[in-house]
Amino acid sequence: MRICRFNGGRLGAVTEDGVVDVSHVLATLPETRYPFPRHDILIANLPHLRSDLERAAATGDARPVAGVTLESPVANPGKLVAAPVNYRKHLEEVRDQAEIHHGNAAHARQIHETGLFLKATSSLIGPGEPIRLRMPDRRSDHEIELAVVIGRPASNVSAGDALRHVAGYAIGLDMTLRGPEERSFRKSIDSYSVLGPWLVTADEIPDPATLGFQLSVNGVPRQSAHTRDLVLSVPELIALASSFYTLHPGDVIFTGTPEGVGPVVPGDTIRARFDGIGEMTVVVEAAAPPDQLEI
Ligand code: MN
């Protein structure tokens, strides 16, 4: 099943005919009060809602996908976990290009040594919102990645059990300001984490190592790769992450980008597609100058 969020918090089921508004099913979610749980309520309850969602999807009216504004399919992730260099050819590219590693040798180390990092959840947007570049005199790069959404709590799970903890998959863009600061700081700028176009539930993708994917900018191909070439596979990433902290429903793992990263500038249009998931188009704008930013 394909589940999206759109037009200001509506819940949608994506069918062959388009997006069906299934928001009324949200009324069956358990009521939550302060202090709120660390997980995303919808993702945590997806198994209970599944039959209601499927019934609503089969009976409602569909509208064209192009006519809705897609938001992040996960509204309230507790963590955005991300893998640094996790494709071998991207590692070579980082080592070879000073403008990527910026003299920081740690950026070119293998994932086995560096482990994972976190991105601020406030950086998360959906494909219907623009990426807003800050630091206009510096380079911001696109990174297309398979994004894994956790469905069941995972702590110290083995790679063999890891996929049982996955709710589904989406396309992730791990946008990155290049420069000398800490990785998590540069990648946590508002709008620098894009998730979309929808969540494809895990039953539709039994093996996440089987997906080809591509990214283009203004129609020019930039990245083209396959998840079989991940250094640490999806199950291994979940095992690694959960050996340090509990993964909660709605937590998102950005699994790392392949070779071909490159800069984007305001006015660019990014198109990203993944086998088994779909495709999304995201526009790039300049953020408002600092004195106009809403604080
Ligand atoms: Mn990345």
Side-chain angles (χ1 to χ4, degrees), residues 1-5 11 26 29-30 32 36-50 53 71-84 86 111 115-126 143-174 184 187-188 193-211 213 227 230 232-257 274 276-277:
M1 180 168 203
R2 299 174 176 210
I3 296 161
C4 72
R5 293 178 58 255
L11 187 69
L26 293 173
L29 284 174
T32 51
F36 298 111
R38 293 190 187 280
H39 58 248
D40 182 280
I41 306 282
L42 172 62
I43 303 298
N45 287 282
L46 216 42
H48 311 302
L49 267 55
R50 181 70 183 256
L53 288 170
E71 294 152 4
S72 165
V74 183
N76 299 112
K79 289 190 285 297
L80 301 180
V81 178
N86 197 24
I111 187 169
L116 307 175
F117 65 95
L118 295 171
K119 302 185 68 162
T121 53
S122 51
S123 67
L124 185 64
I125 63 167
E143 296 190 354
I144 184 173
E145 317 199 351
L146 177 64
V148 181
V149 178
I150 295 298
R152 297 198 302 132
S155 180
N156 277 321
V157 301
S158 67
D161 284 336
L163 292 183
R164 296 173 51 227
H165 296 262
V166 174
Y169 301 90
I171 305 173
L173 297 181
D174 172 22
S184 68
K187 290 169 172 273
S188 287
S193 300
V194 187
L195 194 67
W198 37 70
L199 178 78
V200 178
T201 54
D203 52 290
E204 290 196 18
I205 301 178
D207 182 0
T210 58
L211 309 175
F213 58 101
T227 53
L230 280 164
L232 288 188
S233 67
V234 169
E236 288 168 337
L237 287 169
I238 292 170
L240 173 61
S242 78
S243 72
F244 274 65
Y245 39 60
T246 300
L247 294 167
H248 298 282
D251 283 2
V252 182
I253 302 176
F254 289 76
T255 57
T257 201
F274 248 92
I277 298 175

Subject >> Nearest heavy-atom neighbours spanning Pro197 and Cys4 >> reply: O-CB, 4.1 Å
Original post:
If you look at every heavy atom in Gly250 and Ile43, which pair is closest and at what distance?
Top reply: N-CG2, 3.6 Å
Original post:
Does the side chain of Phe274 reach to within under 4.5 Å of the side chain of Val200, using non-hydrogen atoms?
Top reply: no
Original post:
Run the side-chain contact (heavy atoms from CB on, under 4.5 Å) check on Leu46 and Leu53 step by step: do they pass?
Top reply: CA-CA 9 Å; Leu46 216 42; Leu53 288 170; 3.9 Å; yes
**OP:** Decide yes or no for Ile205 and Val166: does some side-chain heavy atom of the first lie under 4.5 Å from some side-chain heavy atom of the second?
**Re:** no
**OP:** Working to the nearest 0.5 Å, report the span between CG of Leu199 and CZ of Arg5.
**Re:** 11.5 Å
Original post:
Is a side-chain N or O of Glu143 found less than 3.5 angstrom from the main chain of Gly256, in a donor-acceptor match?
Top reply: no
Subject >> Criterion side chain to side chain donor-acceptor pair (under 3.5 Å) against Ser123, the qualifying member of Ser188, Ser193, Ser184 >> reply: Ser193
**OP:** Please report the closest heavy-atom contact between Pro47 and Ala44, naming both atoms and the distance.
**Re:** CD-O, 3.9 Å
Original post:
For Phe117, is the NZ or CZ atom of Lys187 found under 6.0 angstrom from the centre of its six-membered ring and inside 45 degrees of the ring axis?
Top reply: no
Subject >> Residues Leu42, Leu49; criterion side-chain contact (heavy atoms from CB on, under 4.5 Å); working and verdict >> reply: CA-CA 9 Å; Leu42 172 62; Leu49 267 55; 3.8 Å; yes
Subject >> Minimum-distance pair of heavy atoms, taken over all atoms of Pro77 and Asp251 >> reply: C-OD1, 4.5 Å
Original post:
Is Leu80 close to Asp174 at the side-chain level, that is, under 4.5 Å between some pair of heavy atoms?
Top reply: no
Subject >> Atom of Lys79, atom of Thr246 and distance for their closest heavy-atom approach >> reply: NZ-O, 2.7 Å
Original post:
Any side-chain heavy atom of Val157 within less than 4.5 Å of one from Ser242?
Top reply: yes
Subject >> Heavy-atom side-chain proximity of Ile277 to Leu146 below 4.5 angstrom >> reply: yes
**OP:** Give, for atom CG of Leu232 and atom CD1 of Ile238, the distance between the pair rounded to the nearest 0.5 Å.
**Re:** 11.5 Å
Subject >> Within-4.5 Å side-chain heavy-atom neighbours: Val81 and Leu247 >> reply: yes
Subject >> Under 3.5 Å: donor-acceptor pair, side chain of Asp161, backbone of Ser158 >> reply: no
Original post:
Does any non-hydrogen side-chain atom of Leu116 lie less than 4.5 Å from one of Ile253?
Top reply: no
Subject >> Tyr169: partners by ring pair (Phe, Tyr, Trp, His ring centres under 6.0 Å), with sequence neighbours left out >> reply: none
Original post:
Does His248 use its side chain to pair, donor to acceptor, with the backbone of Asp40 at less than 3.5 Å?
Top reply: no
Original post:
Atom CD1 in Ile41, atom CG in Leu29: separation rounded to 0.5 Å?
Top reply: 7.0 Å
Original post:
With a cut-off of 6.0 Å (strictly less than), are more than 12 heavy atoms of other residues, nucleotides or ligands near CZ of Arg152?
Top reply: yes
Subject >> Nearest-0.5 Å distance that lies between atom CD in Glu236 and atom CG in Asn86 >> reply: 9.0 Å
Original post:
For Pro208 and Thr227, which heavy atoms make the closest approach, and how far apart are they?
Top reply: O-OG1, 2.8 Å
Original post:
Can you tell me how far the NE2 atom of His39 sits from the CG atom of Asn45, to the nearest 0.5 Å?
Top reply: 6.5 Å
Original post:
Within a strict 4.5 Å, meaning less than it, do heavy atoms of the Pro84 and Ile111 side chains meet?
Top reply: yes
**OP:** Can you measure from CD1 (Ile171) to CH2 (Trp198) and round to the nearest 0.5 angstrom?
**Re:** 8.0 Å
